[in-house]
Asks: 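Following this message is one structure expressed as structure tokens.
Remember, it's a predicted structure, so these values are computed and weren't measured experimentally.
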Amino acid sequence: MPLELHDENASLIGVVTVDEVEQLVGWLRSSRRPRVSLRRCNHLHTGALQALLLFRPKISAAPKDAFLATQVLPLLTGAGGETSRQGTEPP
């Protein structure tokens with residue numbers, strides 16, 4: 001199952017599809033201080049990403065998946081700033 005939801009903690013596992021978005025949003029909406037582990041997630045549907053961006057839960061564990069770790073995690077944590085754009089501007 002792609003979602004393991006508990007009172008204040010959730011784990012996103014494997015492939016999180018559009019089918020899980022409604023359940024994820026409901027959990028995010030009802031949790032007072034949501035914490036989400038992405039450690040075992042290797043695909044995140046854009047609807048799930050948008051829900052995470054909207055509710056801004058604390059990310060308790062970074063994904064092991066390289067793409068999620070380098071491209072998605074900085075969006076969710078607000079990390080990166082100018083360093084995430086390194087190499088995109090001409091010298």
Asks: Evaluate the criterion side chain to side chain contact (heavy atoms under 4.5 Å, CB included) for residue pair Leu49 and Leu76; output intermediate values, then yes/no.
Replies: CA-CA 8 Å; Leu49 173 60; Leu76 296 173; 3.8 Å; yes
Asks: Report whether Val21 and Leu5 are members of the same hydrophobic cluster (ILVMFWY, side-chain heavy atoms less than 4.5 Å apart, transitive linking).
Replies: yes
Asks: Rounded to the nearest 0.5 Å, how far apart are OG of Ser37 and NZ of Lys58?
Replies: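 Answer rounded to 0.5 Å: 11.5 Å.
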Asks: Using side-chain heavy atoms (C-beta onward) and a distance below 4.5 Å, is Leu3 in contact with Gln23?
Replies: yes
Asks: Do the side chain of His6 and the main chain of Glu8 share a donor and acceptor less than 3.5 angstrom apart?
Replies: no
Asks: Between Leu52 and Leu44, is any pair of side-chain heavy atoms under 4.5 Å apart?
Replies: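 Yes; the side chains approach each other to less than 4.5 Å.
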Asks: Is a side-chain donor or acceptor of Glu20 paired with a backbone partner of Thr17 at a separation under 3.5 angstrom?
Replies: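 Yes, Glu20 side chain to Thr17 backbone: donor-acceptor pair under 3.5 Å.
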Asks: Using the rule that Ile, Leu, Val, Met, Phe, Trp and Tyr join whenever any side-chain heavy atoms are under 4.5 Å apart, tell me whether Val15 and Val72 fall into a single cluster.
Replies: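 They do not share one cluster, since no chain of ILVMFWY contacts under 4.5 Å joins Val15 to Val72.
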Asks: Can you name the closest pair of heavy atoms from Cys41 and Asp65 and give their distance?
Replies: O-CB, 3.7 Å
Asks: So if you build clusters from Ile, Leu, Val, Met, Phe, Trp, Tyr with side-chain heavy-atom gaps below 4.5 Å, do Leu53 and Phe67 land together?
Replies: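 Yes, same cluster.
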Asks: Same cluster or not: are Ile13 and Leu38 linked, directly or through other Ile, Leu, Val, Met, Phe, Trp or Tyr residues, by side-chain heavy atoms under 4.5 angstrom apart?
Replies: no
Asks: Looking only at heavy atoms, which two atoms of Leu28 and Ala51 are closest? And how far apart?
Replies: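 Of all heavy-atom pairs spanning Leu28 and Ala51, the closest is CD1-O, 3.9 Å.
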Asks: Going from NE2 on His45 to CG on Leu24, what distance comes out if it is rounded to the nearest 0.5 angstrom?
Replies: 12.5 Å
Asks: Is the backbone of Asp7 close enough, under 3.5 Å, to the side chain of Ser31 for a donor and an acceptor to pair up by distance?
Replies: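 Answer holds: yes.
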Asks: Are the side chains of Pro34 and Trp27 in contact, using a 4.5 Å heavy-atom criterion?
Replies: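 Side chain of Trp27 against side chain of Pro34, heavy atoms only: contact under 4.5 Å found.
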Asks: Can you confirm whether Arg39 sits close enough to Lys64 that some side-chain heavy atom of one is under 4.5 Å from a side-chain heavy atom of the other?
Replies: yes
Asks: If hydrophobic clusters are built from ILVMFWY residues whose side chains come within less than 4.5 Å, do Val25 and Leu12 share one?
Replies: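 Same cluster: Val25 reaches Leu12 through Ile, Leu, Val, Met, Phe, Trp or Tyr contacts under 4.5 Å.
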Asks: Apply the test side chain to side chain contact (heavy atoms under 4.5 Å, CB included) to residues Leu68 and Leu73: give CA-CA distance (whole Å), side-chain angles for both, the deciding distance (0.1 Å), then the verdict.
Replies: CA-CA 6 Å; Leu68 292 177; Leu73 185 63; over 6 Å; no
Asks: Between Glu4 and Arg40, is there a side-chain N and carboxylate O pair less than 4.0 Å apart?
Replies: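 Yes, charged N to carboxylate O under 4.0 Å.
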